[in-house]
Amino acid sequence: MNNYQNKIRARFAPSPTGYLHIGGARTALFNFLFTKKNKGSFILRIEDTDLERSLEDSAEKILEDLKWLGINWDEGPDIGGDFGPYSQTQRLPLYHKYAEKLLKEGKAYYCYCAPEELEEKRKSALERKETPRYDGKCKNLTQSQREKLILDGRKKALRFIVPEKDIIVEDLIKGKVEFKKENFSDFIILKSNLTPSYNFAVTIDDLSMRINYVIRGDEHLINTPRQIMLYEALGEALPKFAHLPMILAADHSKLSKRHGTTAVGEFREEGFLPQALINYIALLGWSPSGNQEFFSQEELIQGFSLERVAKNSAIFDKEKLKWMNNFYIKKTLPEDLVLQIVPFLKKSELLKDNYDKKWLENLVFSFQENLNTLEEIVELSKDFFKEKIMLTPEALSLLNEEKSKNLLKVFKSLIQKEIEIIESNFKIIINETQKISALKGKELYMPIRAALTGNLHGLELAKVFSLLG
RNA sequence: GGCCCCAUCGUCUAGCGGCUUAGGACGCCGCCCUCUCACGGCGGUAACGGGGAUUCGAAUUCCCCUGGGGCUACCA
């Protein structure tokens with residue numbers, strides 16, 4: 001086995017209840033960057049204990065999205081590792097082993113309370129404006145009481161006995177966070193269906209996988225004291241904790257489906273490049289020491305540190321993402337870009353299977369700097385796929401002017417002579433047209449543009465010319 | 001309700017007691033380039049939530065208020 005003791009080990013542990021969203025991706029990224037920066041191991045673990053909520057192919061999709069983003073792991077469910085298995089449903093015996101240990105040492109007890117009964121108590125506590133706490137009803141049951149409950153058909157769950165002391169979380173990002181003992185009551189570690197509760201499973205997994213840095217979302221800070229209690233009860237050393245600020249929607253609420261695109265897969269479908277997405281989310285909560293905006297993965301790894309992670313939550317701004325995406329699209333080699341764009345054009349049914357490769361390259365190249373997303377090629381270029389053009393009212397009125405008609409006559413006669421319709425020849429023709437018609441600037445170009453595209457706006461005319469062929 | 005976290009331009013953020021007339025980026029606006037739209041270049045707009053305290057000096061430290069967020073399960 002490796003010398004894991006002195007190596008940093010951090011993990012990303014998504015639950016397969018949906019697709020990878022932007023917040024999860026950022027958590028994964030920071031774990032990844034942190035481990036790579038420190039020559040440690042990045043571990044991927046699937047938290048699928050809640051069978052009811054786990055979705056069939058969700059875990060696979062998450063893995064796929066992470067790979068697409070270029071976030072690779074050293075150990076995980078698909079590639080294995082020294083501390084497997086890497087999904088919780090396969091680790092059940094392990095949880096039972098530790099649960100038994102706690103039970104034997106008198107640090108846990110069976111609880112026979114019915115869920116409805118507990119729910120009732122919680123409600124009434126809330127009504128009395130008190131913090132709901134388990135009352136310890138089953139803590140000191142006698143043997144005969146226990147037997148009776150079992151005979152009644154009551155199911156049992158295992159509760160952990162919370163120690164009577166305050167817990168201080170030393171968070172690498174938030175600093176010292178103190179929790180008073182009054183806030184805790186004996187909590188379930190093994191559910192009546194014999195699966196572990198979240199806090200228990202996480203703790204057992206993290207300690208058995210020798211995770212020494214737990215970097216996760218802010219929403220877990222509140223869980224941390226319970227996990228610390230478990231570590232201590234089991235006599236295990238604590239990992240370091242770092243809680244990342246959350247990513248919120250523009251209305252300051254938790255990012256969710258109703259806020260539009262939030263899943264990594266959706267961004268991919270809209271034509272965002274993984275480099276852009278990575279670069280953008282890296283800057284959500286983390287900031288470099290200088291003014292640099294664009295980072296390669298290697299630069300992110302080199303520059304990353306938890307000290308430079310912000311405490312406050314960030315709001316997701318798609319406009320800035322688009323700007324960044326545009327930058328990466330412009331940086332992409334044209335021939336590579338064509339490959340990436342073909343699926344978008346095919347999906348929109350503009351592009352048939354037997355397309356002219358040269359022409360398509362020309363098209364993509366012409367629009368490259370205009371694209372914020374790959375998908376935008378569809379809207380921008382659709383007219384070039386059509387036989388007929390639609391005239392906008394402005395274009396129509398311009399074409400009806402006497403000047404325009406004369407100009408176009410000249411232009412038309414010239415292009416009929418010209419053999420090759422390529423960009424460089426456009427200049428020759430336009431110069432010639434200019435000489436004959438004695439028009440220049442707007443008066444020269446606009447009527448031609450209107451006649452060629454039916455619109456007064458668009459691509460550089462020389463490019464339009466070559467694309468129309 | 002209780003507990004916890006957070007607070008600099010609309011947004012992402014720099015700032016870790018004097019270097020700050022608060023810096024950069026997106027957005028927005030203007031100018032230049034230009035046949036138009038973009039791209040690009042240049043410039044502009046815009047912020048330390050409020051109140052105390054500490055200090056010679058506070059965006060930076062402390063307290064209170066306010067605001068936002070999270071958690072409050074036999075969900076993860």
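Here is the naming used below: chain letters follow the sequence lines, and residue numbers restart at 1 for every chain. Please read all numbers here as calculations on a predicted model, not as lab measurements.
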Candidates B:C37, B:A76, B:C3 - which lies nearest the side chain of A:Ile222: B:C3
Base, backbone or nothing for each nucleotide of nucleotides 17-36 of chain B, written B, S, -, heavy atoms under 4.0 angstrom, 5' to 3'? -------SBS--------BB
Between the side chains of A:Arg159 and A:Ser185, is a donor N or O closer than 3.5 angstrom to an acceptor N or O? no
Expressed in whole Å, how much space separates the C1' atoms belonging to B:C19 and B:C64? 32 Å
So does A:Thr131 reach the base of B:C3 with its side chain, donor to acceptor, closer than 3.5 Å? no
Would you check if the distance from the ring center of A:Trp323 to the ring center of A:Phe294 is below 6.0 Å? yes
Reckon A:Arg216 touches a base, only the sugar-phosphate, or nothing at all at heavy-atom distances under 4.0 Å? nothing
Comparing A:Leu284 with A:Tyr112, nearest RNA chain B nucleotide closer to 5' gives the residue A:Leu284
Please report the distance separating the C1' of B:A25 from the corresponding atom of B:G1, rounded so that it comes out in whole Å. 42 Å
By the 4.0 Å heavy-atom rule, please label A:Cys111 as base, sugar-phosphate, or nothing. nothing
B:G24 and B:C9: how far apart are their C1' atoms, nearest whole angstrom? 12 Å
Nearest of B:A76, B:G69, B:C5 to any side-chain atom of A:Leu248? B:G69
Among B:C12, B:C74, B:U13, the one nearest any side-chain atom of A:Arg159 is B:C74
What distance, rounded to whole Å, do you find between the two P atoms, one in B:C3 and one in B:G10? 32 Å
Per atom distances to the A:Ser192 side chain, the nearest of B:C5, B:C74, B:G70 is B:C74
Over how many whole Å does the gap from A:Lys191 atom NZ to B:C75 atom P extend? 4 Å
Starting from the C-alpha separation in whole Å, work towards a yes-or-no answer on side chain to side chain donor-acceptor pair (under 3.5 Å) for A:Arg226 and A:Thr203. CA-CA 9 Å; A:Arg226 291 191 181 85; A:Thr203 306; over 6 Å; no
Between A:Asp251 and A:Lys180, which residue's closest nucleotide on RNA chain B lies nearer the 5′ terminus? A:Lys180
Check the side chains of A:Gln88 and A:Asp205 for a donor-acceptor pair under 3.5 angstrom, ignoring hydrogens and angles. yes
Donor + acceptor pair across side chains of A:Asp251, A:Ser253 (<3.5 Å): yes
Nearest 0.5 Å please: distance from the OG atom of A:Ser58 over to the CG atom of A:Leu20. 9.0 Å
Rounding to the closest angstrom, what is the interatomic distance between B:U20 and B:C6 at atom P? 29 Å
Per A:His252 side chain, nearest of listed nucleotides B:G70, B:C74, B:U11: B:U11
I'd like to know if the side chain of A:Thr332 pairs up with that of A:Gln340 as donor and acceptor (distance under 3.5 Å, no hydrogens or angles considered). no
Within a strict 4.5 Å, meaning less than it, do heavy atoms of the A:Ile161 and A:Lys139 side chains meet? yes
Nearest-neighbour nucleotide for the A:Glu219 side chain, B:G15, B:C71, B:C74 considered: B:C71
Considering only the C1' atoms, how many Å lie between B:G68 and B:U54, rounded to the nearest integer? 28 Å
A:Ser15 has its side chain closest, among B:A7, B:C4, B:A76, to B:A76
How about A:Phe267 and A:Phe316: are their ring centroids closer than 6.0 Å? yes
Atom C1', compared across B:G15 and B:A53: separation rounded to whole Å: 23 Å
State which of B:C5, B:G69, B:C74 makes the closest approach to the side chain of A:Ile188. B:C74
How would nucleotides 41-51 of chain B be written as a contact map, 5' to 3', with B for base contact, S for sugar-phosphate-only contact and - for no contact, using protein heavy atoms under 4.0 Å? -----------
Judged by modelled atom types alone, do A:Asp48 and A:Thr89 share a side-chain donor-acceptor pair under 3.5 Å? yes
